[in-house]
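What follows is one structure encoded as structure tokens, with my remarks underneath.
Residue numbers begin at 1 in each chain, while the letters A, B, ... track the order of the sequences.
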Amino acid sequence: MAKLKISNKRRKAVIGVAFVSPWIVGFLIFTLYPMLYSLFLSFHQVKITPVGVKTKYVGFDNFNYAFFSDPVFVEKLLNYLMEMVLNVPVIIVFSLIIALLINQKIKFRGMFRTIFFLPVIITSGPVINELLSQGASSIPNIEQYGMFTLIESSLSPILAEPILYLFKQIIMVLWFSGVQILIFLAGLQKVDRSMYEAARIDGASPWESFWKVTLPVLMPLVIVNVIYTIVYVSTFALNEIILLIKNNMFSTITGFGYATAIAWIYFIIIMLMLALWTGVLRMKKR
Amino acid sequence: MWKKQTLVAANKVRKLLFGMGENDGFVFKAVVYLLLIAIGFVYLYPMLFMLVNSFMSLDDLVNSMIKWIPSTLYVENYSRALNVLHYRDTLMQTIMVAGLPALLQTISAGIIGYGFARFEFPCKKILFVLMLITFVIPPQITMMPTYLLFKQYGLLGSLETFIYPAILGQGLKSALFILIFYQFFRSMPDVLEEAAEIDGAGSFKIFYRVAVPMAVPAIIIVFLFSFVWYWNETYLAGLYFGNELTILPLELQKFTDSYNKVYPPGSPGSQLNEAIKLAGTILTIAPLLILYFVLQRWFVEGVDRAGITGE
């Protein structure tokens, strides 16, 4: 009997591996091998000839070039970092607010949901680009009424600068927060109704019960959304660094080797961003 | 006495405005609707603007009196945009480019997710963590060697460049889809599996006879999202497909160039204007919008049912 059980367990393990095996094969071919190969290429000068790929070892030259010689890379990287630090919290807070709003018992809820989930469907670079250039024309209206100058004159430059930046970015932020709203909304629907009742009986205002009941339940989803947002914004097709990588791939001066080098620098920075944000959120949780 | 009366009155006003601790006060409601409408407007504004302007003739565009209502419904813009995008051909290709990989990705994600959810085998934890990590690896790291790989095997310019990664669970956002199926199959009661086992069903039979029929909501959601994401993927498509295959968003990207090819500059009335470009944009997103409005129930409510958020 015991023997039968063990063999049954082993048989099941084999079947389990069989189910997962496509992924293992795919991971080796399309993820692990390309990653190692691109790491290898980043230390080389790469020439693609009709007969094959020719590489010449150049040490850290590609990385040095990225930081000290490339006329645009460092500047674009700094822009990206600023975007990440400013936009990620805005996207998260914004999608949380929308999720809270459409989770209420409101009239025309279906209609509002339909509108707010449009960004889930429309995610392609060229279309968003068109939308942004059209939508941007609604922001100058605010500008016309002197709000920008008001902010500029009444606040110190350190404060005014990010606020103005946010105003100019708000439409893009809106178009980047589709899936995040979905995730928050799904989380909100799992919050136990009776917990609100209990909080109310204990005399908590809606404001208090948001901080004490809703937010703790949503906290894991905040982390999920932060990760999703960072990955989405970082790999968006019109992201400047991504375009830079693509341009360098086929450039006759720099080429594949250099493109892989900046892709790796970029990857490491994305990982640091993820570690930073999730670290901050974890600390807050405790 | 007087003081007490004002207190009662003030309380009444407070109740009316801010509600009874429930979110039902008048002020609260007003703020909610105001926010909803304001934010909704920001989403709809560019859409409406595009739609209205895409029907404007050149005269309407320059006429500063006409802002929202075109003097005539000028459909010439659309017929030109249809020509420039080679619409029928491109649409068919886009449906194929998005549909086939999405279908295969859904199948493979389902199988892989089931394997992770229902079986124990050595190194499962490590593999699962690796699977999750693949979600945050930017495609830019892997795409250059993959490009060389495809080139070596002569696959560039064919749909196979999308199909093979999709079959092997490495397609667009595959990790997310595997995770959705994983969550879903993990919540499947053991009893069902045991009952089928007693009836003599093998593991594969249990998978497609018991698990798959139960997972229909998850399957539909994964397919829809996968379809939409493949539809919108311009970066990898532009790189792998070259000039052999194309999708609508890619055609939109090079709209100006192809316009000048179809309607060479110089010939009378052939100037590209904003309205024609907007018509092109509308045509690019229209199929997705139709899909969304028909199936929106699955996009909006289904996420909850598919257990995207986990427990």
Please classify the contact of [X] with chain B as side chain, backbone, both or neither, using a heavy-atom distance under 4.5 Å.
X: A:Val17; value: both
X: A:Tyr33; value: side chain
X: A:Ile24; value: side chain
X: A:Met35; value: both
X: A:Leu274; value: side chain
X: A:Phe40; value: neither

Q | Atom pair CZ (A:Phe27) and CD1 (B:Ile133), whose distance is rounded to the nearest 0.5 Å | A | 8.0 Å

**Q.** A:Phe250 atom CZ, over 12 foreign heavy atoms within 6.0 Å
**A.** yes

Select one option (side chain, backbone, both, neither) describing which atoms of [X] are under 4.5 Å from chain A's heavy atoms.
X: B:Thr281; value: side chain
X: B:Leu36; value: both
X: B:Glu120; value: backbone
X: B:Trp229; value: side chain
X: B:Leu130; value: both
X: B:Leu248; value: neither
X: B:Lys124; value: neither

Q: In plain terms, say whether B:Glu197 and A:Lys12 are close enough for a salt bridge, that is, a side-chain N and a carboxylate O under 4.0 Å apart.
A: yes

Non-hydrogen atoms of [X] and [Y] that approach each other most closely:
X: B:Thr142; Y: A:Thr31; result: CG2-O, 3.9 Å
X: B:Leu239; Y: A:Lys246; result: N-NZ, 4.1 Å
X: B:Tyr292; Y: A:Arg113; result: OH-O, 3.8 Å
X: A:Trp175; Y: B:Tyr43; result: CZ2-O, 3.7 Å
X: A:Val20; Y: B:Ile112; result: CG2-O, 4.2 Å

Top residue by heavy-atom pair count (under 4.5 Å) with chain B, among [options]?
options: A:Pro119, A:Ala18, A:Ser209; result: A:Pro119
options: A:Val14, A:Ile227, A:Leu118; result: A:Leu118
options: A:Leu39, A:Thr235, A:Leu101, A:Ile181; result: A:Leu101
options: A:Ile242, A:Val25, A:Val231; result: A:Ile242

Tabulate below the donor-acceptor pairs under 3.5 Å that side-chain atoms of residues 256-272 of chain A make, not counting sequence neighbours, or state none.
residue, atom, partner, partner atom, Å
A:Tyr258, OH, A:Asp70, OD2, 2.5
A:Thr260, OG1, A:Ser42, N, 3.4
A:Thr260, OG1, A:Phe256, O, 3.1
A:Thr260, OG1, A:Gly257, O, 2.6
A:Trp264, NE1, A:Ser38, OG, 2.8
A:Tyr266, OH, A:Ser234, O, 2.6
A:Tyr266, OH, A:Asn239, ND2, 3.2

Side chains of [X] and [Y], heavy atoms from C-beta outward: is any pair under 4.5 Å?
X: B:Gln170; Y: A:Trp23; answer: yes
X: A:Ile121; Y: B:Leu291; answer: no
X: A:Val120; Y: B:Phe225; answer: yes

Q: Could you go through the ring pair (Phe, Tyr, Trp, His ring centres under 6.0 Å) check for A:Phe19 and B:Phe207 one step at a time?
A: CA-CA 10 Å; A:Phe19 268 99; B:Phe207 174 67; 5.1 Å; yes

Q: Please work out whether the ring planes of B:Tyr33 and A:Phe112 are parallel, tilted or perpendicular, with thresholds of 30° and 60°.
A: tilted

Q: Look at the rings of B:Phe135 and A:Tyr228 and say which category their plane angle falls in: under 30° parallel, 30 to 60° tilted, over 60° perpendicular.
A: parallel

Q. Stepwise, does the side chain to side chain contact (heavy atoms under 4.5 Å, CB included) test hold for B:Met143 with A:Ile245?
A. CA-CA 11 Å; B:Met143 85 192 174; A:Ile245 294 173; 4.3 Å; yes

(Q) Between B:Tyr114 (side chain only) and A:Gly16 (backbone N and O only), is there a donor and an acceptor less than 3.5 Å apart? (A) no

Q. Which residues pass the salt bridge (charged side-chain N to carboxylate O under 4.0 Å, His left out) test with B:Glu251, sequence neighbours left out?
A. B:Lys254

